[in-house]
Trainee: 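Please find one structure pasted underneath; my questions will follow.
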Amino acid sequence: MTFALHGIPVSKGIAIGKAVLISRAALEVSHYLVEPGKEDAEAQKLLDAFDQVRLELEQLRQGLPKDAPQEMAAFLDVHGMILADPALAEKPIKLIRTQRLNAAWALTTELNDLLEQFAEIEDPYLKERANDIRQVAERVIKALNAQKKDVLNDSEFLPATDIGVESIIVAHDIAPHDMLRFKEHAFTGFVTDLGGKTSHTAIVARSMEIPAVVGVRHASEMIRHGDWLILDGEQGLVVVSPDEQLLAEYRKLQSQAAKEARKLQQLKHAKTETLDRVDIELLANIELPEDAIQAVKLGAVGVGLFRSEFLFMDRKQALPDEEQQYQEYRRVVDLMHGLPVNIRTIDVGADKALGAGGTDVSQTGTSPLGLRAIRWSLTEPEIFLTQLRAILRASAHGQARIMIPMLAHAKEIDETFRLIEKAKQQLHQRGQAFNPNIQVGAMIEIPAAALVLPLFISRFDFLSIGTNDLIQYTLAIDRADHAVAHLYDPLHPAILNLIANIIEQAKRANIPVAVCGEMAGDPSLTKLLLAMGLTDFSMHFSQLLLVKREILKANVGMLRARFPRVLKAYEPEAQAKALERLLA
Ligand code: PEP
Ligand code: MG
């Protein structure tokens, strides 16, 4: 039966493919299709893992000291009984044989089903058993992982080619870093139950240029593995089991979009200036060093935001040391051939959790109002100093610059500069090269910073407005929470006034100012930002040509003349009229 689900469109484009359901637990384990003919061997692996856990439990039981609490033995008995129940292995084995899921994936699929059933049980004693089942299954997964050398091998994510058709990931939620792990694989779309328009998961999906719809509430429950899906990343629509006619219509739209994209490529070499000859700088936002290759190809004149924290978010690895970081930063600097590269210091917390090597930020992240970005770095001075030294060393090879996220207080600025000086001294003592005059910039993304801008203007070399957070904190809504996603509004008069004011003050003080939040990459907002006097736009490279097309059609003089009316319009109707006139 065909049905449609609605969510928040976060990455445009149309994807057509078969659903690949990724359970939350499955994101923690490898999941891939076993080669045809190897199903029995895979099933045997699962049975072996069960045997091994059975043995472990028996050994634990026998090794219990005489004075061990009775509950301990009872607990092991319950786990032994769960393990002995043939039903627990039955379904996963069927999934291995019929759908060729690898053993861990098959087991986590069954585990999720069981946990859902238990969630509906009223009896508190029986409900509690859900935890026992989870623990037993986790032991089996551990045993399965131990059978392999590389537990979480990225290449084991299911490549679309393995199943012969294009595939679309459907998940309850995907962490930003997990999203990046999909980069290597040919998935053609993403659907998640949770998420907001500027959540970092959405930003990564956009950066991968893969259509995505988030906040589709019950998608992972209503869509079944293998269902055909149409995903419309423009409308936020997911059509499940579409009929042939609908498929044909969307295929046509897909090929029209491909034609448009080809046409857009012609703008690659055009000078970025408005009709009235105002030069505009288009910079790139990147998450991984290799993104710089595309950025340069598409004409970016620098990296306006390198989200360095993505180097720190790998669950499998320890945090990168100074040498590893230096190599990564240097790579970007080299790829940019002398163009500026703003390396934003680590911004973990909120929806971005630190990887396995981290200590303080949990795997699930923290509140957006919590220990995030520079606040976290200042509580971990050794990690911060390591990063600063790595950036400084990269500055010996090109225009690496330091950019600090989420500052609000003068004392945070003082402490940041004290540590930058310390990092310089340390390198000096070691005799290692760096640019002693490295530029240091601040992100303006907390309303408090915007309201005391002269403080930032006097202390920093450049400013960059992080509109994603500025909107989040000004409107008091969690940008990753789909429940308040409808209140995330870049056109709120408070936001327009705030941004316009920052740009105006910075221009008057002659300090470079850019916008590096998602607003800069939204072509429907390009003229509005030009009207505010913005000349430096930093966005993901996939948006560069779309924004350029708007710039080439704009007349800044006219936009600026019409802009004051937009700023003064507080009523929605008046604002709509003023905007219509501005963009006409
Ligand atoms: C922002 O807040 O606008 C920004 C660019 O930083 P991030 O999205 O990484 O928080
Ligand atoms: Mg931010």
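Remember, it's 1-based here, ligands and their atoms both numbered in the order they're listed. Heads up: numbering here begins at 1 and tracks the sequence. Just so you know, these numbers use all the heavy atoms, side chains as well, and skip hydrogens, waters and symmetry mates.
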Trainee: Heavy-atom contacts under 4.0 Å between Arg479 and ligand 1: side chain, backbone, both, or neither?
Mentor: side chain

Trainee: Can you report which non-hydrogen protein atom sits closest to atom 6 (O) of ligand 1, along with the distance?
Mentor: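 Checking every protein heavy atom, the shortest distance to atom 6 (O) of ligand 1 gives Arg344 NH1, 3.3 Å.
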
Trainee: With a 3.5 Å distance limit and no angle check, can you tell me whether Ser199 reaches the backbone of Gly196 through a side-chain donor-acceptor pair?
Mentor: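 Checking the backbone N and O of Gly196 against the side chain of Ser199, a donor-acceptor pair under 3.5 Å is found.
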
Trainee: Just to be sure I read this right, does ligand 1 sit under 4.0 Å from the backbone of Leu305, its side chain, both, or neither, counting only heavy atoms?
Mentor: side chain

Trainee: Has the side chain of Gln472 got a donor or acceptor atom that lies under 3.5 Å from a matching backbone atom of Arg479?
Mentor: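 Yes; at least one donor-acceptor contact below 3.5 Å.
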
Trainee: For ligand 1, indicate whether the residue Ile465 contacts it via side chain, backbone, both or neither (heavy-atom separation under 4.0 Å).
Mentor: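 Near ligand 1, Ile465 shows nothing, with every heavy atom at 4.0 Å or more.
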
Trainee: Assess Arg459 against Phe417: is NZ or CZ under 6.0 Å from the centre of the six-membered ring, and within 45 degrees of the ring's axis?
Mentor: no

Trainee: If only atom types and distance count, is the side chain of Asn468 paired as donor or acceptor with the main-chain N or O of Glu518 below 3.5 Å?
Mentor: yes

Trainee: Assign the ring pair Phe456 / Phe460 to parallel, tilted or perpendicular, where the plane angle (0 to 90°) is split at 30° and 60°.
Mentor: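 Answer is parallel, since the angle falls under 30°.
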
Trainee: Give the residue, atom name and distance (to 0.1 Å) of the protein heavy atom nearest atom 7 (P) of ligand 1.
Mentor: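 Of the protein heavy atoms, His200 NE2, 3.2 Å lies nearest.
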
Trainee: Is the contact between Arg307 and ligand 1 made by the side chain, the backbone, both, or neither, using heavy atoms and a 4.0 Å cut-off?
Mentor: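 Side chain only; the backbone of Arg307 stays clear of ligand 1.
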
Trainee: In terms of heavy-atom contacts, does CD of Gln265 have more than 12 from other residues, nucleotides or ligands at under 6.0 Å?
Mentor: yes

Trainee: Show the atoms of ligand 1 that are less than 4.0 angstrom away from any heavy atom in Asp469.
Mentor: 1 (C), 2 (O), 3 (O), 10 (O)

Trainee: With heavy atoms of Met443 as the reference, note each atom of ligand 1 found under 4.0 Å away.
Mentor: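 Numbered from 1, ligand 1 contributes 4 (C), 5 (C), 6 (O).
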
Trainee: Report whether any nitrogen, oxygen or sulfur of Glu445 sits less than 2.8 Å from the Mg ion (ligand 2) (N, O or S, backbone or side chain).
Mentor: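 Yes, since at least one N, O or S atom of Glu445 sits under 2.8 Å from the Mg ion (ligand 2).
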
Trainee: Counting from 1, what ligand 1 atoms have a heavy atom of Gly466 closer than 4.0 Å?
Mentor: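 The atoms of ligand 1 under 4.0 Å from a heavy atom of Gly466 are 1 (C), 2 (O), 3 (O).
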
Trainee: So, Tyr329 and Gln325: side-chain donor and acceptor under 3.5 Å apart, yes or no?
Mentor: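 A pair is found: one side chain offers a donor N or O, the other an acceptor, under 3.5 Å apart.
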
Trainee: For Met519, which part has a heavy atom under 4.0 Å from ligand 1: side chain, backbone, both, or neither?
Mentor: neither

Trainee: Asn342 and Leu283: side chain to side chain contact (heavy atoms under 4.5 Å, CB included), yes or no, with the steps?
Mentor: CA-CA 10 Å; Asn342 297 343; Leu283 302 130; over 6 Å; no

Trainee: Tell me: protein heavy atom nearest atom 5 (C) of ligand 1, and distance?
Mentor: Cys516 O, 3.4 Å

Trainee: Is Ile203 close enough to touch ligand 1? Criterion: a residue heavy atom under 4.0 Å from a ligand atom.
Mentor: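 Ile203: in contact with ligand 1 (<4.0 Å).
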
Trainee: How far apart are the C-alpha atoms of Ile8 and Val10, what are their side-chain angles, what is the distance that settles it, and do they pass the side chain to side chain contact (heavy atoms under 4.5 Å, CB included) test?
Mentor: CA-CA 6 Å; Ile8 305 160; Val10 295; 4.2 Å; yes

Trainee: With heavy atoms of Arg372 as the reference, note each atom of ligand 1 found under 4.0 Å away.
Mentor: 10 (O)

Trainee: Given Ser308, which partner from the list Glu328, Glu287, Gln387 fulfils the side chain to side chain donor-acceptor pair (under 3.5 Å) test?
Mentor: Gln387

Trainee: Do ligand 1 and Glu518 have nitrogen or oxygen atoms that lie under 3.5 Å from each other?
Mentor: no

Trainee: Need the atom name: nearest N/O/S atom of Asp469 to the Mg ion (ligand 2).
Mentor: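 Among the N, O or S atoms of Asp469, the one closest to the Mg ion (ligand 2) is OD2.
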
